[in-house]
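Okay, so here's the structure we're looking at.
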Amino acid sequence: MTKERENLTSRLGFILVSAGCAIGLGNIWRFPFIVGEYGGCIFVLLYLLFLILMGFPLLMAEMSIGRGSHSNLVLGLPKLANKGKKFWCTLGGITSMGCLLLMMYYTTVTGWLLTYTGDYLTGAIAKGTADGSTYGDFFSALISDPKASGIGMFIACAIGGLVCSLGLKNGVESFVKYMMALLLILMGVLAVRVLFLPNAMEGLKFYLLPNWQRFTENPYETISAAMGQAFFTLSLGVGSMEIFGSYLPWKKSLAKECAWIIILDTFVALAAGFIIFPACTSSSVDVSAGPGLIFISLPNVFTQVAGGRFWGFLFFAFLSLAALTTVIAVFENLLALLIDIFHWKRITAGIVVGLAVAALSVPCVLGFNLWSSFQPLGAGTGVLDLEDFIVSQNLLPLGGLTMLIFCFAKFGWGKKNFLAELHEGQSWKFSRSFLFYYQYLLPVILLAVFVIGYIQIFKH
């Protein structure tokens with residue numbers, strides 16, 4: 001570790017930066033289309049339930065490891081472990097590689113969003129569709145063009161590397177604060193605008209009123225999807241949140257801090273639904289259109305409203321900001337590894353991480369040209385699907401399970417030490433029933449998420 005470790009300067013900065021890591025495509029891209037696929041309100045209620053049952057305790061565990069070790073996951077686990085320090089160091093390294101793998105496709109999708117934002121600003125999309133092309137054609141052309149897709153990806157990597165290079169306080173904390181504030185403003189403006197669209201109330205009814213018939217058609221798959229989304233949205237299990245716990249110089253209640261992070265993350269996800277579903281029903285767009293909802297279906301909405309180019313620009317700027325907050329936060333995790341292990345300067349680490357992620361993202365950019373069975377963001381998307389499968393289906397749930405085992409096992413941190421750190425800074429203690437659930441039942445749920453995910457894959 002470096003002799004003088006940087007710290008976050010305020011509680012607000014910690015909450016916003018940590019929430020910025022969680023708030024991203026999982027909230028605004030994945031959440032709306034998966035809600036549409038699984039019947040609206042029933043899925044949302046199940047999602048909120050699993051956020052409480054899984055997300056909250058796992059987030060506290062990851063933050064406790066960070067605050068207790070004041071280091072990244074690779075050095076933090078062996079530092080806290082009672083036994084097998086080399087084993088935990090290796091396991092921490094494997095788990096942390098999930099952050100790198102995540103960025104190897106996340107920056108590509110972020111690049112698409114940045115490209116759409118720029119094309120709405122310049123009017124390129126409007127000109128293209130005016131010539132008779134559809135939005136499906138526009139999107140297919142974008143992802144099939146390595147140059148266009150690569151430029152967007154490289155810009156995303158450059159922004160992440162540059163912001164992190166400026167420092168934790170002057171770069172990450174300052175930029176994410178402003179980006180989160182702008183994101184919330186844009187979200188509010190868009191939410192108000194869509195309420196005045198024709199037939200917008202039908203979208204709100206779909207979103208807010210339970211549809212039990214839709215749920216009873218496939219209850220187990222809906223429950224499984226809600227569990228997966230609750231886990232995916234917080235990016236738990238690969239140390240992306242742990243690093244911000246390591247930057248805490250104060251001993252305040254982690255339970256309260258984690259609750260605020262989840263509340264802010266959930267608020268953005270739910271607000272995205274208030275924007276997207278009324279917009280869909282106002283223009284007869286299928287709310288269950290799948291992952292292509294954002295890039296193909298919703299742009300059709302903007303062509304049917306006054307000032308559509310302006311609203312399209314605001315919408316994709318909103319999506320881009322959400323994606324970039326995650327890019328910056330996960331880049332910070334990767335920088336911290338290099339700084340803590342090799343004692344590099346931030347500027348050096350920022351350049352190396354930016355260039356490394358950009359180089360490793362090239363297969364994802366090219367993957368859409370190498371697989372002829374391409375279907376927009378569905379089966380056959382090659383490298384992106386493979387990388388997302390490794391992270392979402394494997395590293396996230398197994399990484400979360402690993403951290404729970406580490407926190408409670410005697411050959412890891414140990415229950416006594418973990419609970420001492422968890423209770424530090426708060427006047428009350430968790431109940432025995434909660435701790436029993438935490439130690440014995442939650443690992444079973446995480447294992448179920450992992451197994452059910454594979455069952456669903458083989459089922460389809």
Side-chain angles (χ1 to χ4, degrees), residues 25-48 113 116-117 120 125-126 129 134-139 183-219 221-222 225-226 229 233 266-320 322 375-378:
L25 298 181
N27 302 73
I28 302 172
W29 174 30
R30 193 173 190 267
F31 180 75
F33 83 71
I34 204 170
V35 170
E37 288 181 348
Y38 291 100
C41 180
I42 300 297
F43 175 88
V44 175
L45 294 175
L46 289 170
Y47 162 73
L48 294 176
L113 294 171
Y116 264 65
T117 304
Y120 265 105
I125 287 183
T129 53
T134 66
Y135 288 103
D137 295 333
F138 186 91
F139 182 64
L183 185 151
L184 294 174
I185 291 171
L186 289 178
M187 185 171 62
V189 171
L190 289 167
V192 172
R193 175 64 183 90
V194 297
L195 291 179
F196 292 94
L197 294 175
N199 209 31
M201 290 301 108
E202 291 302 314
L204 291 180
K205 288 179 181 178
F206 170 84
Y207 190 39
L208 299 177
L209 298 180
N211 186 339
W212 294 106
Q213 181 179 356
R214 183 75 175 266
F215 173 71
T216 54
E217 290 175 357
N218 206 341
E221 190 168 342
T222 302
Q229 177 62 21
T233 187
T266 305
F267 172 76
V268 172
L270 295 178
F274 279 97
I275 296 170
I276 290 172
F277 292 113
C280 287
T281 55
S282 71
S283 301
S284 300
V285 172
D286 184 7
V287 294
S288 59
L293 179 68
I294 296 296
F295 291 102
I296 299 173
S297 300
L298 277 177
N300 284 299
V301 175
F302 302 126
T303 63
Q304 302 175 39
V305 299
R309 175 180 159 187
F310 171 74
W311 295 111
F313 165 73
L314 287 188
F315 179 72
F316 281 100
F318 162 57
L319 293 176
S320 297
Q375 298 172 8
L377 297 180

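Contact record, Pro198 with Ser282: O-CB, 2.8 Å, taken as the closest heavy-atom pair. Here the closest heavy-atom approach between residue Ala200 and residue Val194 is recorded as CB-O, 3.3 Å. When all heavy atoms of Ala279 and Val301 are compared, the closest pair comes out as O-CG2, 3.4 Å. In this structure, Pro299 and Ile294 approach most closely via the heavy-atom pair CD-O, 3.3 Å. In terms of heavy-atom proximity, Ile34 sits nearest to Ala225 at CD1-CB, 4.2 Å.
With values rounded to the nearest 0.5 angstrom, Leu190 atom CG is found 5.0 Å from Ile275 atom CD1. In this structure, Leu183 CG and Phe318 CZ are separated by 5.0 Å, a value rounded to the nearest 0.5 Å. Rounding to the nearest 0.5 angstrom, the gap separating the CG atom in Asn211 from the NZ atom in Lys205 is 13.5 Å. The CD atom of Glu202 lies 10.5 Å from the OG atom of Ser284; values are rounded to the nearest 0.5 Å.
Take Arg30 and apply the side chain to side chain donor-acceptor pair (under 3.5 Å) test, not counting sequence neighbours, and it matches Gln229. Partners of Phe215 according to the ring pair (Phe, Tyr, Trp, His ring centres under 6.0 Å) rule, which considers only residues two or more places apart in sequence or in another chain, do not exist here. Listed by chain and number, the residues in a side-chain contact (heavy atoms from CB on, under 4.5 Å) with Phe267 are Leu184, Met187 (sequence neighbours excluded). With sequence neighbours left out, Glu217 forms a salt bridge (Lys or Arg N to Asp or Glu O under 4.0 Å) with no residue at all. Residues forming a side chain to side chain donor-acceptor pair (under 3.5 Å) with Thr233 (at least two apart in sequence, or on another chain): Asn27, Asp265. Scored by the ring pair (Phe, Tyr, Trp, His ring centres under 6.0 Å) test, Phe316 finds Tyr116, Tyr120 as partners (sequence neighbours excluded).
Within the 4.5 Å cutoff, no side-chain heavy atoms of Leu204 are placed close to those of Thr281. Taking 4.5 Å as the limit, every side-chain heavy atom of Thr117 sits out of range of all side-chain heavy atoms of Phe315. Taking the side chain as every heavy atom from C-beta outward, Tyr207 and Phe274 approach each other to under 4.5 Å. Side-chain contact between Cys41 and Leu208: absent, with no pair of heavy atoms (C-beta onward) separated by less than 4.5 Å. Within the 4.5 Å cutoff, the side chain of Trp311 has heavy atoms near those of the Val189 side chain.
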* Asked: Please walk me through it: do Ile125 and Arg309 pass side chain to side chain contact (heavy atoms under 4.5 Å, CB included)?
  -> CA-CA 9 Å; Ile125 287 183; Arg309 175 180 159 187; over 6 Å; no
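Between Phe31 and Tyr47, the two ring planes are tilted [angle within 30° to 60°].
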